[in-house]
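For reference, the structure discussed in these notes is given below.
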Amino acid sequence: MSDAILAALGALFEGVRFLFTHGGPNVIMIAVACAMFWLAIAKGVEPLLLLPIAFGCLLVNLPLSEVMAQGGVLKTLYDFGIGNELFPLLIFVGIGSMTDFSPLLANPKLLLFGAAGQLGIFITLLLALALGFSKEEAVSVAAIGACDGPTVIFVSNMFAGMGKIPTAMVGALAVAAYSYMALVPVIQPPIMRLLTTRKERAVKMPSPKGKVSRAALIAFPIIVTAITGIIAPQGLPLMGMIMLGNFMKVSGVVPRLANASENEIANVATLFLGLAIGGTMAGPQFLTRETLMVFGLGLVAIIIDTVGGLLLGKIWYLLSGGKVNPLVGAAGISAYPMAARLVQNEGQRWNKHNYLLMHAMGANTGGQIGSVMAAAIMLSLLKGLGVI
C-alpha cells in the first residue's frame with residue numbers, strides 16, 4: 001500500500017475520531033447547515049445569502065478543517081471583506097440602486113412610519129443591557145430590529161474588529177437577522193390582525209397624487225447623506241453607500257455603474273459575505289447561551305417594530321377621521337419590498353377594492369432610511385461616550 005493511501009486513511013481515521021470524541025458541537029452545526037440548505041432550496045428562504053452561509057458553516061465544521069485558520073480561504077474572505085466592513089457596504093450600494101424613493105417623496109409624512117418602525121431597536125437595546133450584555137453586544141443585538149442584514153453585519157463586525165464582542169457572535173447575529181427577514185410574512189400578519197379592527201383594516205386610501213420631479217429624486221440622496229453626516233457621522237458609511245447607489249440610479253447618466261451595483265457587485269459581495277459569515281459558525285464557539293438569547297431578542301425586536309408602526313397607524317387613523325389605514329404602519333420596517341407587499345395583501349383580504357401598495361412602499365422606504373439612521377445614531381452615541 002502506497003504512502004499516499006496510508007496518509008489518506010490516517011487522515012480519515014483522525015477525522016472520524018475527532019467527530020466522535022470532540023466534535024459534538026460541530027456535528028450539531030453540520031445539521032444546522034443542512035437545515036439551512038433545506039430552507040434555502042426547498043422553501044426559498046433568503047437563498048441568495050442563506051445558501052452560502054450554510055456552505056461556509058459546513059466547511060468550518062468538517063473534521064480537521066482549516067478554512068478559518070490563518071491563510072484559510074474563509075479566513076481570507078473574512079479579513080478582506082468583513083473585517084473592514086467592505087462587503088456589507090458594497091451590498092448597500094446595490095440596495096440603494098434597487099430602491100425607489102418616489103412613493104416616500106410623494107407623501108413625506110410616511111417617513112414617520114419609518115421612524116415608528118424602529119421602536120424595536122431601542123426597546124431591544126434596553127432589554128439586552130438588562131440581561132447582562134455589554135453595551136457593544138447590546139447595540140449589535142438591537143440592530144436586528146433594523147430588519148436589515150447588512151446593517152447588523154456592519155455594526156457587529158465593527159465591534160468584533162475592536163475585540164469588543166466575540167467574532168462568533170457576528171455569525172449568530174447575521175443568521176438571526178436574515179432568518180427574521182425571511183420570516184416577516186409569518187410574524188407580521190397575526191400582529192396586524194391582533195392590533196387592528198376589521199373596520200380599520202378595510203379602510204380604502206386614495207392613490208397618491210402628484211408626480212415627483214427628477215430634481216427632487218436627485219436632490220434627495222444628497223440631502224439625506226448630508227443630514228446623516230451632521231447628525232450621526234458614525235453611520236455615514238452605511239447611509240452614504242445606500243444613497244450613492246440610489247443617486248447613480250436617479251441621475252440617469254451612469255446606467256452601467258447602477259446596473260453593475262445592482263447586479264454583479266451586489267451578487268459577488270453577497271456570495272463572499274455569506275461564505276465568510278458561515279465561517280464564523282464553528283460549533284464550539286457558536287453554540288452558547290448568548291446565541292440563543294440573540295435569537296430570542298431578535299424576534300422581540302421585529303415584533304416591537306411591527307407594533308410601533310401599527311400603533312402610529314391607529315393614532316393617525318383617529319386623527320384623520322378614519323382616512324388612514326393603520327396597516328400601512330406595519331411596512332415601516334426595512335424588509336423592502338416584502339413588508340409593503342404584505343400590507344397590500346392584508347388590506348385586500350378585508351376590502352377587495354383596497355390598494356395600499358404605494359402608501360406601503362412609501363412607509364417601507366422610510367423604514368430603510370429609519371433603520372440605517374437608528375444604527376447611525378447608536379454608533380454616534382457610543383462614539384460620543386468614548387466607547388468606540
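One-based numbering along the sequence shown.
- Using modelled atom types, one finds a donor on one side chain and an acceptor on the other under 3.5 Å when comparing Thr288 with Thr291.
- Note: Ile265 CD1 to Leu257 CG = 7.5 Å, rounded to the nearest 0.5 Å.
- The shortest distance between side-chain heavy atoms of Ile153 and Leu173 does not fall below 4.5 Å.
- Taken together through direct or relayed side-chain contacts under 4.5 Å among Ile, Leu, Val, Met, Phe, Trp and Tyr, Ile218 and Ile223 form parts of separate hydrophobic clusters.
- Each of Leu357 and Leu110 belongs to its own hydrophobic cluster when Ile, Leu, Val, Met, Phe, Trp and Tyr are linked at side-chain heavy-atom distances under 4.5 angstrom.
- Between His359 atom NE2 and Met205 atom CE the span is 4.0 Å, to the nearest 0.5 Å.
- Taking a 6.0 Å sphere around OH of Tyr336, one finds it holds more than 12 heavy atoms contributed by other residues, nucleotides or ligands.
- One distance of note links OG1 of Thr228 with CE of Met373; it measures 3.5 Å at 0.5 Å rounding.
- Under the 4.5 Å side-chain heavy-atom criterion for grouping Ile, Leu, Val, Met, Phe, Trp and Tyr, Leu112 is connected to Ile377 within one hydrophobic cluster.
- A donor-acceptor pair is defined here as one N or O able to donate and one able to accept, closer than 3.5 Å; no such pair exists between the side chain of Asn364 and the backbone of Ala360.
- The only member of Val294, Ile187, Ile304 that meets side chain to side chain contact (heavy atoms under 4.5 Å, CB included) when paired with Leu299 is Ile187.
- Using a distance-only test at 3.5 Å, with no hydrogens or angles considered, a donor-acceptor pair links the side chain of Arg214 to the main chain of Ser251.
- At a threshold of 4.5 Å between non-hydrogen side-chain atoms, the residues Ile369 and Leu104 count as touching.
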> So Leu58 and Met29, side chain to side chain contact (heavy atoms under 4.5 Å, CB included) or not? Walk me through it.
Replying inline: CA-CA 7 Å; Leu58 172 66; Met29 292 309 298; over 6 Å; no
> After noting the C-alpha distance and the side-chain angles of Ile144 and Thr124, does the key distance pass the side chain to side chain contact (heavy atoms under 4.5 Å, CB included) rule?
Replying inline: CA-CA 9 Å; Ile144 297 175; Thr124 304; over 6 Å; no
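- Of the candidates Arg341, Arg193, Gln188, Glu346 forms a side chain to side chain donor-acceptor pair (under 3.5 Å) with just one, namely Arg193.
- Looking at heavy atoms from C-beta onward, Leu74 lies in side-chain contact with Leu77 at the 4.5 angstrom threshold.
- To the nearest 0.5 angstrom, Phe159 atom CZ is 6.0 Å from Glu136 atom CD.
- Using a 4.5 Å cut-off on side-chain heavy atoms (C-beta onward), Leu379 and Phe154 make contact.
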>> If you apply the rule side chain to side chain contact (heavy atoms under 4.5 Å, CB included), what do you find for Phe133 with Ile165, and how did you get there?
In response: CA-CA 10 Å; Phe133 284 92; Ile165 69 172; over 6 Å; no
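- Closest of all the heavy-atom pairs between Thr280 and Gly171 is OG1-CA, 3.1 Å.
- Of the possible polar contacts, one joining the Gln344 side chain to the Leu356 backbone as a donor-acceptor pair under 3.5 Å is found.
- Side chain of Asn246 to main chain of Thr99: a donor-acceptor pair is present (N/O by atom type, distance under 3.5 Å, no hydrogens or angles).
- Within the model, atoms CD1 of Ile121 and CD1 of Ile123 stand 11.5 Å from one another, a figure rounded to the nearest 0.5 Å.
- Side-chain contact between Ile91 and Leu273 is present, with at least one heavy-atom pair separated by less than 4.5 Å.
- Each side chain to side chain donor-acceptor pair (under 3.5 Å) pair with one or both residues in residues 311-321, not counting sequence neighbours, appears once here: Glu200-Lys314.
- For the pair Ala177 and Gly149, the tightest heavy-atom approach, listed with the atom from each and the gap, is CB-CA, 4.2 Å.
- Atom-to-atom distance recorded for Asn157:CG and Met169:CE is 13.0 Å, nearest 0.5 angstrom.
- Defined by atom type and a distance below 3.5 Å, a donor-acceptor pair is missing between the side-chain atoms of Gln118 and Ser371.
- With salt bridges taken as basic N to acidic carboxylate O contacts below 4.0 Å, none links Glu66 and Lys75.
- Of all heavy-atom pairs between Gly283 and Asn61, the closest is N-OD1, 2.7 Å.
- Side-chain contact between Met378 and Val155 is absent, with no heavy atoms from C-beta onward closer than 4.5 Å.
- If you check the side chains of Asp305 and Tyr180, you find no donor sitting under 3.5 Å from an acceptor.
- Contact between Leu312 and Ala116 at its shortest, heavy atoms only, is CD2-CB, 3.7 Å.
- With contacts defined as side-chain heavy-atom distances shorter than 4.5 Å, the pair Met293/Leu131 qualifies.
- Arg201 places a side-chain N or O within 3.5 Å of a backbone atom of Thr196 that can act as its donor or acceptor partner.
- Under the 4.5 Å side-chain heavy-atom criterion for ILVMFWY residues, a single connected hydrophobic cluster contains both Leu59 and Met281.
- Between Pro47 and Ala40, the closest heavy-atom pair is CB-O, 3.6 Å.
- The shortest side-chain heavy-atom distance between Met36 and Phe55 does not fall under the 4.5 Å cut-off.
- Nearest heavy atoms, Thr151 versus Ala375: CG2-CB, 3.6 Å.
- Linking Ile, Leu, Val, Met, Phe, Trp and Tyr whenever their side-chain heavy atoms come within less than 4.5 Å puts Ile82 and Phe80 in one cluster.
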> Could you walk me through whether Met162 and Met158 pass the side chain to side chain contact (heavy atoms under 4.5 Å, CB included) check?
Replying inline: CA-CA 7 Å; Met162 298 176 183; Met158 177 185 293; 3.8 Å; yes
